[in-house]
Amino acid sequence: MLSVLSTAWGALAVIGAYGAAGEVFQRRTWRMTATAIFAFMPTMVYISSYITNDTAATACSALALWAALRLMHTGTSPRRLIVLGALLALGMLSKVSVLLIAPAAGLALVIAWRDAHAGPGRIARDVLCFALPLAVLALPWVAYGALTYGDPFGFNTHRHATVGFYFEQPRSLAEIVPLLPHLYLSYWGWSFFALLDPLVYTLLGGLLALAAAGYALSRRVRRWSALRQRQALGLLAAVVVVLLGMIRWMQQLSFTGGRLMYPAHVAVALGLTGGLYLLARRWPRLDFPLRVGSAVLLGCAGLVFPLVAMRDAYHPPPLQDPAALPALEGGPVDFDSTIRLLGLRQPDRHIHGGLHPVELCWQVLRATDRPAAYSLKLVRDGVIVADRTTLFGTGRFPSQDWRPGDTFCDSFNLWMDDPDLVDDPLPAPGTAYDLVLVVLDARTQAADWVATTPDGQPIATVRLGQAASPTGAQPLPDLPNPDVHFPGFAQLAGAALQGAPAPGEAVTLQLGWQVQGSVSGAWSQFVHLYGPHGFVGVLADGPPRAGAYPLWAWQAGDQFADSWTF
């Protein structure tokens, strides 16, 4: 029943889009094109397919903008203003962001008064008719929010949500700029789980480019009819104000996507269609291809491509031949004698950028009814810099479907610099992190799947391997250059001993390294003491930086200081 209601809201939004398009385009074919662009946008299809207040907010906004465009065309009347006020009130009860289109509605009122040379009496009547449904429908809830929570409009609803979701100190605009590409992509098509294929975004971006070309090549705006100029101004106001509100929410909230801009979706769809229409007027032969092509493209993007993506998203991972698996590290490890981790594979043990790809391969030992999940963490000295918690098969192969002998691999990325979690630590330069795995109860998230070796010996902490972040070219201290080279690998560009080398004293050897190549394996450094009669003793022996940055992690271009204390 609820899913039917959600679809009904979506259908009501489409009716509003068609009505708004009828106010802008005289030709029915272009009205249908605008409606198709509105309805088939993948995000629009998505929010109309499950229970969410986004659909109701989009429907009320589309109908309200239709009513506002109608005011510019026919002027004000008590009935029209009551309907417009009621739509804004109902939309606000669905999602407070609907109020961001109120300036566009107010602009339509001002335009209608100006055209009618309205006097104070008519303006007062119109304001009363417009405000009455807002007061009756929305004011009680505003008062309730103010008295109960001290938050009349619900702006702070997420303040006490999951840690990292709400920022008490709003993020700066400089922190918001890197998020804008995601806002753009997620406006076209986004769910809580995945974006569309890059090819789809390229095609949709091409549609946007054609619309922009239509505006760039059209006649000057001042040659448009007065009504078209006013309509364009009203629709632009809706888009700009909603975008500004969106940027404000991005400063305050994490995990904000383009769907929150959908109160202005009908304005965007009409603006996109308007650019295509202007392009077709300049080159009439493009009229049919632009209309049909845009509708077909959006129809495929909204209705066909998601079905293909859903098959890949929900189809179980392909089973593997254990003998054909790639070289793995860190295994085997059994969990509750039910599933065996065969090992982990990293295409590169060095951390480059924000995403670090890994692959885990598993083998089912026996069937189970226990709900299982696992978490892979990148950690050092108790500091977690990346964490991925997921169901087996990355959600596509729940433990209830396991059969003895099933072998499969999960490939995914560890995200190091999630832009929505600015308080999370980033990997420190020149540091190797442990990859630690735990298997959890999927319902309680308790780490109660006991890890053992295949012969039953318990394992306290399952460390599968390491991944290291490069040092980069750090400034070197001013040290005497010993001119020592390790050909093809590194140069000791500086060395100095600090402290008095006497019995009972501590001395520090400072070293400056410039790396030109790489080595494999667990290489060590050693520092031996020699006297007049030869070898005296070992001062130090082991990996550099006490294991924090082992030699296998060194990369060409690294430049950094190290020290040993004896």
Side-chain angles (χ1 to χ4, degrees), residues 329-330 349-352 356 377-386 416 423-436 459-566:
E329 60 177 324
R349 297 174 72 187
H350 300 93
I351 299 171
H352 300 287
H356 184 66
K377 305 177 187 296
L378 204 58
V379 59
R380 183 174 187 85
D381 298 331
V383 177
I384 300 173
V385 295
M416 234 64 58
D423 294 331
D424 281 8
L426 295 174
T431 305
Y433 290 87
D434 293 327
L435 286 153
V436 177
I459 302 175
T461 302
V462 180
R463 291 185 174 88
L464 303 182
Q466 288 187 315
S469 58
T471 64
Q474 299 178 353
L476 292 179
D478 187 14
L479 302 173
N481 189 345
D483 196 27
V484 175
H485 297 265
F486 297 87
F489 174 51
Q491 175 186 354
L492 187 59
L497 193 67
Q498 296 180 341
E505 298 294 328
V507 295
T508 298
L509 175 64
Q510 286 191 303
L511 304 173
W513 290 99
Q514 292 177 339
V515 184
Q516 291 95 27
S518 60
V519 296
S520 60
W523 289 60
S524 293
Q525 294 178 349
F526 64 84
V527 183
H528 290 182
L529 182 65
Y530 283 80
H533 304 293
F535 177 74
V536 176
V538 176
L539 297 180
D541 192 350
R545 291 191 170 184
Y549 196 49
L551 267 73
W552 63 258
W554 294 17
Q555 299 185 82
D558 281 354
Q559 179 177 286
F560 60 94
D562 192 10
S563 64
W564 295 85
T565 299
F566 321 122

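Being a predicted model, the structure only gives us computed values, none of them experimental.
Counting only distance, with no hydrogens or angles, the side chain of Asp434 and the backbone of Val436 share no donor-acceptor pair below 3.5 Å. Judged by distance alone, the side chain of Gln498 and the main-chain N or O of Ala496 form no donor-acceptor pair under 3.5 Å. Side chain of Ser469 to main chain of Ala428: a donor-acceptor pair is present (N/O by atom type, distance under 3.5 Å, no hydrogens or angles).
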Practice task
Begin from the C-alpha positions of Gln474 and Gln559 and carry the test side chain to side chain donor-acceptor pair (under 3.5 Å) through to its verdict.
Solution key: CA-CA 5 Å; Gln474 299 178 353; Gln559 179 177 286; over 6 Å; no
Exercise for the section: Let me see the working for Thr508 and Ser563 under side chain to side chain donor-acceptor pair (under 3.5 Å), right down to the final yes or no. Expected result: CA-CA 7 Å; Thr508 298; Ser563 64; over 6 Å; no
Practice task
Apply side-chain contact (heavy atoms from CB on, under 4.5 Å) to the pair Leu479 and Gln510, showing each step before the final yes or no.
Solution key: CA-CA 8 Å; Leu479 302 173; Gln510 286 191 303; 3.8 Å; yes
Practice task
Kindly indicate, with the supporting measurements, whether the criterion side-chain contact (heavy atoms from CB on, under 4.5 Å) is fulfilled by Thr471 and Trp513.
Solution key: CA-CA 11 Å; Thr471 64; Trp513 290 99; over 6 Å; no
Problem - Worked verdict on Thr461 versus Ile459 for side-chain contact (heavy atoms from CB on, under 4.5 Å) - result: CA-CA 6 Å; Thr461 302; Ile459 302 175; 5.8 Å; no
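For the atom pair Arg463 CZ and Lys377 NZ, the distance stands at 13.5 Å (nearest 0.5 Å). Here the CG-CG distance, from Leu476 to Asp562, works out to 11.5 Å after rounding to the nearest 0.5 Å.
Residues Asp541 and Ser524 meet the side-chain proximity criterion, which asks for heavy atoms closer than 4.5 Å. Side-chain contact between Pro501 and Phe566 is absent, with no heavy-atom pair separated by less than 4.5 Å. Val527 is listed as a side-chain neighbour of Leu509, based on a closest heavy-atom distance under 4.5 Å. In this structure, Gln555 and His352 have side chains that are in contact, with non-hydrogen atoms separated by less than 4.5 Å. Proximity of Leu492 to Leu511: side-chain heavy atoms (C-beta onward) are separated by under 4.5 Å at one or more points. A heavy-atom distance below 4.5 Å is found between the side chains of Gln466 and Pro550. Within the 4.5 Å cutoff, the side chain of Val385 has no heavy atoms near those of the Leu426 side chain. Looking only at side-chain heavy atoms (C-beta outward), Asn481 and Gln491 come within less than 4.5 Å of each other.
Between Tyr530 and Phe535, the ring planes lie perpendicular to each other; the angle is over 60°, past the 30° to 60° tilted range.
Across all their heavy atoms, Pro477 and Ala561 have their closest contact at CD-CB, 3.8 Å. Closest approach of Asp558 and Pro470 over heavy atoms only: OD1-CB, 3.8 Å. Taking all atoms of both residues into account, the shortest heavy-atom contact from Ala432 to Trp552 is CB-CZ2, 4.5 Å. Scanning both residues, Ile351 and Ala467, for their nearest heavy atoms gives CG1-CB, 4.1 Å. Between Pro544 and Trp554, the shortest heavy-atom distance links the atoms CG-CZ2, 3.6 Å.
The only member of Phe560, Trp523, Tyr433 that meets ring pair (Phe, Tyr, Trp, His ring centres under 6.0 Å) when paired with Tyr549 is Phe560.
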